[in-house]
Amino acid sequence: MSDLEKKFGKYAISNLSLKLVILYAVGYVIEMINPNVFYFLTLNPYAIAHGQIWRLVSWLLIPPSAGNIFFTLIMLYFYYCIGTSLERVWGTWDYNVFIFLGILLTIVCAFVWMGVSFATGGTQGLMTQLGATEYFRYLSQAFSTYYINLGIFFAYALTFPDAVVLLFFILPIKVKWLGLFDLAYLIYVFVVTPGPARYAIAATFINIALLYLRNNAPVRMRPSFWKAQRKSGSAGSAKRAATAGRTAGRDQLLHRCAICGRTQLDSPDLEFRYCSKCEGNLEYCQDHLFTHVHVKEGEVPHMKP
C-alpha cells in the first residue's frame, strides 16, 4: 500500500464506474431535452479562464456520441462491466487514480491546446476568422469522456489480455486483439485529426503510459524498494541494494498462486494478478483471484468457505 493510499485511500469513491454511467445517463437526458445546453457545459478553457469554473466538472456530463438507443445501453453496460472488473482487481484506490488522473490530464491538455491556439491562430487559422470566443465555444466539444472510455478499455486489455468477448455477439475474440485495434484507432485519429481531439487523445496516451510504468517499473526504480533498504539499514551499501534488486526481480518473474501454488511454468496460459486488498503482495491465479479470503500480512491465504 502506497503512502498516498494510506493517507487518502478513505476518500476513494467505490463503484466509480456506476457513478460515471449515471453521469452519462444524465447527459443523454440533457441532450434529448435541449442539446444546446452542452455549449455551457463543455471543457472550454477560454471560458474557464474568464470565470466559468463549473466547466472543470460539468464536461463530465457530456457522454460519448449517442446513436441507436439499444447500442447506447449496451455500450454503457459494457463500460460498467469492464470498469467494475478493473476496480475489483486493482482495488478502489488504484482505479480512482487512473480515472481521475485521466480527467486531470484532459483538463491540462485543454489548456495546452488553448495556449497553442493563441500562438498559432488556431486550427487552420479558424480562431483568426471566428474570434476566440466562438472558436473555443465550438471546438471545445471535442473534449468529452469518449477518449477516457477508450483508455479504460485499453487498460482492461492490458490487465486481462486473454479474456474472450463476443464481437457483435457472435465472434469470440481475445481482448488483447481488440486492445491493439483500439490503440491503432487512437493513433490513426491522432495523426489525421487536427485541433482539440489530438490533445484529448494525448491525455489518454499519457495516462496509459503512466499506468504501464507504474506496473512495470524495475524493482530498483520503485520507492518501496529504497524505503525498505533504508529501514533495514542497508541504504548505504549500493552493492547490497543492487543484489536485493536483482533477487526481487527474479522472484517477480515467477508468478505463483498463493492458494494452489501453480506458476506460469506449470500453465503458460494461466493469468496471475496481485490482490490489492491482501497485505504482503500476494498473487493469485485466475481461478482463485475472486474466491480467496483477504488476509493480513503473516496470515495463511485460504479459500472462502
- Message: Using the side-chain contact (heavy atoms from CB on, under 4.5 Å) definition, which of the options Ile152, Val189, Asn207, Thr106 pairs with Tyr147?
- Response: Val189
Nearest non-hydrogen partners of [X] and [Y], listed with the distance:
| X | Y | result |
| --- | --- | --- |
| Ala110 | Phe143 | CA-CZ, 3.6 Å |
| Ser140 | Leu43 | CB-O, 3.5 Å |
| Gly27 | Phe38 | O-CZ, 3.3 Å |
| Tyr156 | Ser85 | CE1-CB, 3.9 Å |
| Ala142 | Pro196 | CB-CG, 3.7 Å |
| Leu41 | Ser58 | O-OG, 2.9 Å |

- Is the CH2 atom of Trp177 crowded by more than 12 outside heavy atoms at less than 6.0 Å?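 It does not: Trp177 CH2 has 12 such atoms or fewer within range.
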- In terms of heavy-atom contacts, does CZ of Phe40 have more than 12 from other residues, nucleotides or ligands at under 6.0 Å? no
- Query: Quick one: salt bridge (Lys or Arg N to Asp or Glu O under 4.0 Å) partners of Arg88, sequence neighbours excluded?
  - Reply: none
Could you give the distance from [atom1] ([X]) to [atom2] ([Y]), rounded to the nearest 0.5 Å?
| X | Y | atom1 | atom2 | answer |
| --- | --- | --- | --- | --- |
| Ile48 | His50 | CD1 | NE2 | 12.0 Å |
| Ile148 | Leu20 | CD1 | CG | 8.5 Å |
| Phe153 | Ile82 | CZ | CD1 | 6.5 Å |
| His294 | Leu282 | NE2 | CG | 11.0 Å |
| Asp94 | Ile99 | CG | CD1 | 12.0 Å |
| Tyr24 | Leu60 | OH | CG | 8.0 Å |

- Message: Check the orientation of Trp90 and Phe98. Use parallel for under 30°, tilted for 30 to 60°, and perpendicular for over 60°.
- Response: perpendicular
Connected via hydrophobic side-chain network under 4.5 Å: [X] and [Y]:
| X | Y | answer |
| --- | --- | --- |
| Val29 | Tyr80 | no |
| Ile33 | Val26 | no |
| Tyr39 | Met32 | no |
| Leu158 | Phe181 | no |
| Phe100 | Trp54 | no |

- Query: Should Thr193 and Arg198 count as side-chain neighbours, where that means a heavy-atom distance under 4.5 Å?
  - Reply: no
- Message: Side chains of Tyr199 and Leu105, heavy atoms from C-beta outward: is any pair under 4.5 Å?
- Response: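 Of all side-chain heavy-atom pairs linking Leu105 with Tyr199, none is under 4.5 Å.
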- Tell me, please, which residues at least two apart from Arg55 pass side-chain hydrogen bond (donor to acceptor under 3.5 Å, both in side chains). Thr42, Gln52
Hey, can you pull the donor-acceptor pairs under 3.5 Å for the side chains in residues 12-19, sequence neighbours left out?
unit_1: Ser17; atom_1: OG; unit_2: Thr84; atom_2: N; d: 3.4
unit_1: Ser17; atom_1: OG; unit_2: Tyr95; atom_2: OH; d: 2.9
unit_1: Lys19; atom_1: NZ; unit_2: Ser14; atom_2: O; d: 2.9

- Task: For residues Tyr185 and Phe154, establish whether the separation of their ring centroids is below 6.0 Å.
- Result: no
- Test item: Trp113 side-chain N/O and Pro45 main-chain N/O as donor-acceptor pair under 3.5 Å: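 Pair absent, no side-chain N/O of Trp113 close to backbone of Pro45.
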- Item | ring pair (Phe, Tyr, Trp, His ring centres under 6.0 Å) partner of Tyr46, the single match among Phe111, Tyr135, Phe136 |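 So the option named by the test is Phe136.
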- Stepwise, does the side-chain contact (heavy atoms from CB on, under 4.5 Å) test hold for Ile187 with Phe190? CA-CA 5 Å; Ile187 293 175; Phe190 181 85; 5.5 Å; no
